[in-house]
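This report refers to the structure that appears directly beneath it.
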Amino acid sequence: MDSGDDLDRLLDEVEEKFCRGVSVAAPARGKDDGQKQNRFSTKSGQNSSSAADDIDAFLEELLEDDAPELKTETKGPQVEKKLPCHTGGRRCFPVFVGGSFMTNGVGTATSKSRSCDQLRCISCDFRVLMFDDCEWDSSCDYLFFRNNVPDRQKLRAKLKRSRGVRAYACQCSWFSCSEPTDLQDQAQLRWVCGKHLD
């Protein structure tokens with residue numbers, strides 16, 4: 001099946017879903033002036049522009065589902081950068097973490113500039129939480145994380161603002177860094193790429 005058939009099928013689906021109440025009339029010309037009249041007339045008072053808006057929204061939704069795109073999530077002054085990461089069943093190897101300027105994605109030996117955002121601890125079996133532009137206060141201890149993970153609001157009580165740093169925590173471990181760091185070099189952290197562990 002070629003792309004022309006796919007497009008025809010898609011247009012048929014859109015027409016069936018959104019254009020049931022819209023009838024299409026051939027463009028009419030005046031006898032002398034040649035001006036075109038409106039091509040669409042609606043039944044039961046339905047506004048044709050709202051039908052067109054519905055079609056546009058539907059097509060946008062389809063495009064979002066089919067094509068992975070860059071997502072940015074704004075939180076105050078910082079932006080969490082996300083790539084279409086961990087697609088196609090890919091896992092990070094080796095697993096890297098890094099500061100808030102480091103892009104999230106699938107880390108490999110050749111792409112050390114990507115930080116894994118699917119981390120899971122194999123000790124406590126919790127997902128690892130991340131906080132951009134923050135670092136953990138030196139007063140943090142095991143009981144604090146044990147009692148407060150995964151409540152992000154309660155965890156913020158021990159976070160200090162630090163531009164470029166990213167704070168990580170599960171229920172039994174915590175870590176802050178600003179540079180790309182291979183987790184194999186951090187023996188105290190029992191974190192792995194949790195893509196297939198959810």
Side-chain angles (χ1 to χ4, degrees), residues 57 60-198:
E60 258 179 51
E61 206 173 286
L62 281 176
L63 288 174
E64 283 174 8
D65 289 345
D66 291 343
E69 62 179 82
L70 295 177
K71 293 183 181 177
T72 57
E73 185 181 310
T74 307
K75 297 177 184 173
Q78 79 272 13
V79 174
E80 184 178 330
K81 299 170 283 301
K82 290 191 178 179
L83 284 177
C85 53
H86 299 92
T87 55
R90 294 177 61 200
R91 292 179 64 184
C92 300
F93 185 81
V95 180
F96 291 97
V97 293
S100 61
F101 294 119
M102 194 169 169
T103 304
N104 293 331
V106 179
T108 64
T110 56
S111 63
K112 299 178 182 180
S113 60
R114 293 192 192 145
S115 174
C116 181
D117 62 349
Q118 299 290 323
L119 294 171
R120 182 177 288 276
C121 179
I122 58 175
S123 278
C124 65
D125 198 33
F126 271 77
R127 285 204 56 157
V128 177
L129 303 175
M130 302 185 303
F131 300 87
D132 281 355
D133 293 324
C134 295
E135 66 179 316
W136 295 114
D137 189 78
S138 58
S139 65
C140 287
D141 59 13
Y142 171 81
L143 282 177
F144 172 74
F145 292 100
R146 178 78 180 169
N147 293 330
N148 294 307
V149 168
D151 190 327
R152 297 177 75 89
Q153 279 304 115
K154 289 182 179 177
L155 290 171
R156 288 185 188 281
K158 295 275 189 179
L159 284 170
K160 299 187 301 187
R161 299 291 294 171
S162 186
R163 186 168 171 75
V165 179
R166 183 177 285 156
Y168 297 84
C170 63
Q171 203 174 46
C172 63
S173 303
W174 60 99
F175 184 67
S176 301
C177 64
S178 58
E179 298 298 324
T181 305
D182 187 339
L183 285 184
Q184 289 177 339
D185 300 331
Q186 303 295 321
Q188 79 280 12
L189 301 175
R190 308 275 292 155
W191 299 342
V192 297
C193 178
K195 168 63 181 169
H196 299 298
L197 301 178
D198 285 331

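When side chains are defined from C-beta on, Met102 counts as touching Pro180, because their heavy atoms get closer than 4.5 Å. Under the 4.5 Å side-chain criterion, counting only non-hydrogen atoms from C-beta, Val128 is not in contact with Phe175. Here the side chains of Gln188 and Gln186 are in contact, with some heavy-atom distance below 4.5 Å. Between Ser123 and Ser173, the closest side-chain pair of non-hydrogen atoms is not below 4.5 Å. Counting only heavy atoms from C-beta outward, the side chains of Leu119 and Leu183 approach each other to under 4.5 Å. Looking at Lys158 and Asn148, their side chains never come closer than 4.5 Å, going by heavy atoms from C-beta outward.
Between Cys170 and Val149, the shortest heavy-atom distance links the atoms O-CG2, 3.2 Å.
Note that CZ of Arg146 is 8.5 Å distant from SG of Cys172, once rounded to the nearest 0.5 Å. Between the CG atom of Leu159 and the SG atom of Cys140 there is a distance of 7.0 Å, given to the nearest 0.5 Å. The CZ atom of Arg161 sits 12.0 Å away from the CZ atom of Phe131 when rounded to the nearest 0.5 Å. A distance of 10.0 Å separates OG in Ser176 from CG in Asp137, rounded to the nearest 0.5 Å. Asn104 contributes atom CG, which lies 14.5 Å from atom CZ of Phe96 (distance to the nearest 0.5 angstrom). Taking CD from Gln118 and CZ from Arg127, the interatomic distance works out to 4.5 Å, rounded to the nearest 0.5 Å.
Aromatic ring pairs are classed by plane angle as parallel below 30°, tilted from 30° to 60° and perpendicular above 60°; the pair Phe145 and Trp136 is perpendicular.
Inspection of the Ser115 and Tyr168 side chains reveals an N or O donor paired with an N or O acceptor under 3.5 Å.
Looking at Glu135, its side chain never comes within 3.5 Å of a backbone N or O of Ala167 through a donor-acceptor pair. Proximity of a side-chain donor or acceptor of Arg152 to a complementary backbone N or O of Met130 within less than 3.5 Å is detected. In terms of modelled atom types and a separation under 3.5 Å, the side chain of Asp133 and the main chain of Gly164 share a donor-acceptor contact. In terms of modelled atom types and a separation under 3.5 Å, the side chain of Arg120 and the main chain of Asp125 share a donor-acceptor contact.
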Original post:
Given Phe144 and Leu155, is the side chain to side chain contact (heavy atoms under 4.5 Å, CB included) satisfied, shown in steps?
Top reply: CA-CA 8 Å; Phe144 172 74; Leu155 290 171; 3.7 Å; yes

